[in-house]
Amino acid sequence: MNIFRLTGDLSHLAAIIILLLKIWKSRSCAGISGKSQILFAIVFTTRYLDLLSTFISLYNSCMKVIYIGCAYATVYMIYMKFRATYDGNHDSFRVEFLVVPVGGLAVLINHDFSFMEILWTFSIYLESVAILPQLFMISKTGEAETITTHYLFCLGLYRALYIFNWVWRFYFEGFFDLIAIVAGVVQTILYCDFFYLYVTKVLKGKKLSLPA
Amino acid sequence: GIDSQLKDEL
């Protein structure tokens, strides 16, 4: 555990809670991609199956349970509780174009050809692109609520901090994982355009809206 | 098999 890892996890937790609170307080999931949230629920489920087989630490187990629980709660709020406010027409990203290639890649490129390891690899690859339906939705509608941009910023910050964490682990533990690093860098790059808009617009008190 | 050592991460 190092400072980048811990702040990365906390940033990730903040993102998840910001999104849940936004939906709960406004009684609406307008502007939120249900497809991205389903993908994140799949990511957590396939990665944290080791909750049942391996104990790492209390911190590790608790965070995993919280992440999975929040992911399913978010999906429930979007597709069940506040379904009437879900903007399905604008959430039109074709997720099969992500899930199928990512599944194929996980079978082809992994550390070990075993069920658990392939699912872990699948979750790493899927997480790197799971935000695309959300970014696609924003580019389609041309705007995002400020609270949604805070959610995206925390999520992107978590990825960036994890990269620093891996640099740290490489220097101090002599360990690196190419699969996670490549997927993590891809994921962080996807946020760069958004980071730019966040700093130049949202932090200056303006709403995030894209030029028509 | 050779598993990833990153299993302690989230």
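Letters A, B, ... mirror the listed sequences (proteins, then strands); counts begin at 1.
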* Asked: Heavy-atom count around A:Y196 OH within 6.0 Å, excluding the residue itself: above 12?
  -> no
* Structure fact -> For B:L10 and A:K64, the nearest pair of non-hydrogen atoms, with its separation, is CD2-CG, 3.7 Å
* Most chain B-contacting option - heavy-atom pairs closer than 4.5 Å, from A:D177, A:T54, A:D9, A:I179 -> A:D177
* **Verdict with reasoning, B:E9 to A:N60, per side chain to side chain donor-acceptor pair (under 3.5 Å)** => CA-CA 8 Å; B:E9 295 189 353; A:N60 191 279; over 6 Å; no
* Asked: What's the shortest heavy-atom distance between B:L6 and A:R169, and which atoms?
  -> CD2-NH1, 3.7 Å
* Mind ranking A:F44, A:W166, A:F176, A:F113 by heavy-atom pairs under 4.5 Å with chain B and telling me who comes out on top? => A:W166
* CZ (A:R83) with more than 12 external heavy atoms under 6.0 Å -> no
* For A:N110, is it the side chain, the backbone, both, or neither that has a heavy atom closer than 4.5 Å to a heavy atom of chain B? -> neither
* Partner chain B: residue of A:W120, A:Y67, A:Y59 with the largest heavy-atom pair count (under 4.5 Å) -> A:W120
* Asked: Do other residues, nucleotides or ligands put more than 12 heavy atoms under 6.0 Å from the CZ atom of A:F164?
  -> no
* Structure fact -> Assert top hit (heavy-atom pairs under 4.5 Å, partner chain B, pool A:H12, A:R5, A:R47) equals A:R5
* Would a 4.5 Å heavy-atom cut-off, applied to side chains only, mark A:E117 and B:K7 as touching? -> yes
